[in-house]
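What follows is a short report on a single structure.
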There are 2 protein chains.
Amino acid sequence: MRRVTIHDVASKAGVSLATVDRVLNGRPGVRKVTIDRVQAAVRDLNYEPDAFAAGLAKRRSYRLHFLIPNGPNAFMEDLSREARDFAATLMRERVSVHIEPIDAFDAHRVTGTLAILDKSVCDGVAVVAPSFPEVRAAIDRLQDRGVHVVTLVSDHPASSRRHFVGIDNMAAGRVAGRLLGRFLPKEPAKIAFIAGSLGLRDHADRYAGCTQVIDNEFPHLELLKVREGRDDNGKNHDIALKLLAEHPDLAGLYNIGAGNRGLIAALEETRRGAGLTFIGHELTPYTRAALQNGTMDALIAQDPGHEVRSAIRVLKALCDGAPIVEGQERIGIDIFLKDNLPDLA
Amino acid sequence: MRRVTIHDVASKAGVSLATVDRVLNGRPGVRKVTIDRVQAAVRDLNYEPDAFAAGLAKRRSYRLHFLIPNGPNAFMEDLSREARDFAATLMRERVSVHIEPIDAFDAHRVTGTLAILDKSVCDGVAVVAPSFPEVRAAIDRLQDRGVHVVTLVSDHPASSRRHFVGIDNMAAGRVAGRLLGRFLPKEPAKIAFIAGSLGLRDHADRYAGCTQVIDNEFPHLELLKVREGRDDNGKNHDIALKLLAEHPDLAGLYNIGAGNRGLIAALEETRRGAGLTFIGHELTPYTRAALQNGTMDALIAQDPGHEVRSAIRVLKALCDGAPIVEGQERIGIDIFLKDNLPDLA
DNA sequence: AATCGCTTGAGGTGCGTTACTCATTTCTGG
DNA sequence: CCAGAAATGAGTAACGCACCTCAAGCGATT
């Protein structure tokens, strides 16, 4: 079962190798009828160009840049680590990944970083940044300069980014809402929300999804107004203590953003962990432990490894002009209970 | 930023190309000290062989066989379809996938199919089959003949298969148990189980996981004895009708295996769908609809597309002697509520 | 000193493309 | 029918590596 090569296509179509090459690579100077003959031969023989040979001859390389927020955020650190790890195994496939830490809350710096990128330095960019209008504009300009851009974790739907790698945060919020609604008894009870900031699109989406489900399907639950803790453990800790003091009958808690560690500490100090249904996001050593000991009841997560690998695959496909395997690139909303925690890597 | 090639390694180490080649490919006839010199140069220069060039020169090809149960099982059909789809996009990377439908309940035929396979016909095999001892033996012999084997969906832990691609069914069962326990009110209630057959390892595992969690953490729930429906819609339909008649106060239902369609029909005919907490496995058009209209309350699933792609990646890596990216190949237990159903492809 | 075995160097070929160049043939309009 | 343009053929270098052969260098053994 020899491979079908351009030679076979050429002889089948009764033309020379040069002509086959012209057709296959869209070079000019071939009559319509000849093009058709060659394409017919390609179909008949089921010819597929050999990726190894093509890659070698094309001298292709994929220089990718990842812009990832710095700061003491376990999830972002996981993203960076996974990107580094995966890049190491992909070096031999000519994929080089440069990780650029950015200050996500400084839109000006982010756009500056995007502005200096260029086709001569990189072929694709994956960026995780809050959706400020100026960032959107910078993404558009970068695309215009011929660099492929995908958004990661947090989308910029209005931009011309070619793809979004991340979860549907509205759906994630709905899941949180339903879990709260079904985990709690069918009787009036109070639920508290803590977010990093409702100015962040993903936090706002989650909040909207959650309240939508609860309002529609669990109207007996009373929703306290959202407190914003800037994803900071210290702030969240204080917020939680105050909440627990103000509402001794608090039944549920949904942390929309990061900073679970502060909340966990507060619940455990006050021994309110077991009685309260507490749902949060992202799997970290702290949330894992809290799930195991019962302080947390469910975790809604996205797999940073999956996201990074998906972003790299998508960018590579964009560079090659190859199609994207949709099913492969859909990032699922992971729901963890204490029963299905993955083993530690 | 030119690529580092063997030429660079050779001159750095002060040896010839031939020697570098001998070292890199483990050919004999090189002194220890020379080997060390070359390896030091490889490390210093951070040399990685070019996958494109190597693949081309090696004339590598990956002939993979997938043995997948036939019959009217939506999940198995999804597996086959995904394998075909992914194989199409991988043809140019010299991966060819042959899908062999098997009668999973006829162990003799399965072993026969495995027995005729050989290094001359295929490089790797992915097999989904119930764990009969003779199948295990056939897998071992196939491995001995130099063909890499991975088990898919259903594991044969005692065999010498190189890898298992699938979920932890014990954990899946525990998830079902916890969801039942938390979705139902904290008061005595009856729960029914339906399985295909407890002789199937995955069904037995799920059952064990589920009862373990309920016995330990939700002892107020009464577990009715398991009914076996052979994963057949018709049988399951009858079983459900009988169950509902015998237990007008039935509160929960867990379908451990396939055949959800029959159960859904029974629940909807008798209008018991809404009042009952019903949990099952695998996402199909029927379970999707049931989740949306409230007949089902949660779905525990595994992504067949992910599994197939993982199996192919793993087999390819085994053929290349390359390392496996653990995180990438871990198959998660998907939990679907009506809120996080993926869009239809 | 001749011999043997081990180690190393030098060099070539093929893998299937891409991306050229330069002839040569075929077609078209005037 | 012929100039000029368009289409095609023929061939080549390069990509980086795997795999092979042949010869030369070296030290130790007899």
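Within every chain, numbering begins at 1; the chains are lettered A, B, ... in the order of the sequence lines, protein sequences first and strands thereafter. In this text, all values refer to a predicted model and were calculated from it rather than measured experimentally. Side chains included, hydrogens not; waters and symmetry mates left out as well; all remaining heavy atoms used.
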Taking atom [atom2] of [N] as reference, at what distance in whole Å does atom [atom1] of [X] sit?
X      : N      : atom1 : atom2 : answer
B/R3   : D/dC15 : CZ    : P     : 13 Å
A/D21  : C/dC22 : CG    : P     : 17 Å
B/N25  : D/dG16 : CG    : P     : 17 Å
B/D320 : D/dA18 : CG    : C1'   : 14 Å
B/L17  : D/dG16 : CG    : P     : 13 Å
A/I6   : D/dG9  : CD1   : P     : 14 Å
B/R27  : D/dC17 : CZ    : C1'   : 10 Å
B/D36  : C/dT7  : CG    : C1'   : 15 Å

Any side-chain N or O of B/T19 less than 4.0 Å from the OP1 or OP2 oxygen of C/dG9?
->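 The answer is yes; a side-chain N or O of B/T19 sits under 4.0 Å from OP1 or OP2.
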Do NZ/NE/NH1/NH2 and the carboxylate oxygens of [X] and [Y] come within less than 4.0 Å?
X      : Y      : value
A/R92  : B/D50  : no
A/K316 : A/E93  : yes
A/R63  : A/D123 : yes

Proximity to DNA chain C (any heavy atom under 4.0 Å), residues of residues 37-62 of chain B only |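 The stretch gives B/L56, B/A57, B/R59 as the residues lying under 4.0 Å from the strand, ordered by number.
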If you restrict it to nitrogen or oxygen atoms, what contacts under 3.5 Å exist between nucleotides 3-7 of chain D and the protein, and what is each distance?
unit_1, atom_1, unit_2, atom_2, d
D/dA7, O3', A/R31, NE, 3.2

When we call it a touch if two heavy atoms are under 4.0 Å apart, what does B/V9 touch: a base, just sugar-phosphate, or nothing?
->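 Answer is nothing: B/V9 stays at 4.0 Å or more from every strand.
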A/D118 versus A/L142, closest heavy-atom pair with distance |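 Nearest pair, atom of A/D118 first, then A/L142: N-CD1, 4.5 Å.
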With B/E77 via side chain to side chain donor-acceptor pair (under 3.5 Å) - residues at least two apart =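 Testing B/E77 for side chain to side chain donor-acceptor pair (under 3.5 Å), a comparison that skips the adjacent residues, returns none.
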How would you list, by chain and number, every residue that makes a side chain to side chain donor-acceptor pair (under 3.5 Å) with A/D85, sequence neighbours excluded?
->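 Testing A/D85 for side chain to side chain donor-acceptor pair (under 3.5 Å), a comparison that skips the adjacent residues, returns none.
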If a pair satisfies salt bridge (Lys or Arg N to Asp or Glu O under 4.0 Å) and one of its residues is in residues 137-153 of chain A, list it, with sequence neighbours excluded.
->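 Listed by first then second residue: A/R136-A/D140.
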Helical bend (five base pairs per end, nearest 10°) for the helix from C/dA1-D/dT30 to C/dG30-D/dC1 =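 The angle separating the two end axes equals 40°.
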N/O donor-acceptor pair, side chain B/R22 with base C/dG9, under 3.5 angstrom |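 Checked by distance alone, the answer is yes.
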Donor-acceptor contact below 3.5 Å, side chain [X] vs main chain [Y]:
X      : Y      : answer
A/R60  : A/C319 : yes
A/Q143 : A/V149 : yes
B/D320 : B/A317 : no
A/N25  : A/R27  : no
B/H163 : B/L318 : no

Report the nucleotide, chosen from D/dC19, D/dG16, D/dG9, that has the shortest atom-to-atom distance to any side-chain atom of A/A18.
->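 So the side chain of A/A18 is nearest to D/dG9.
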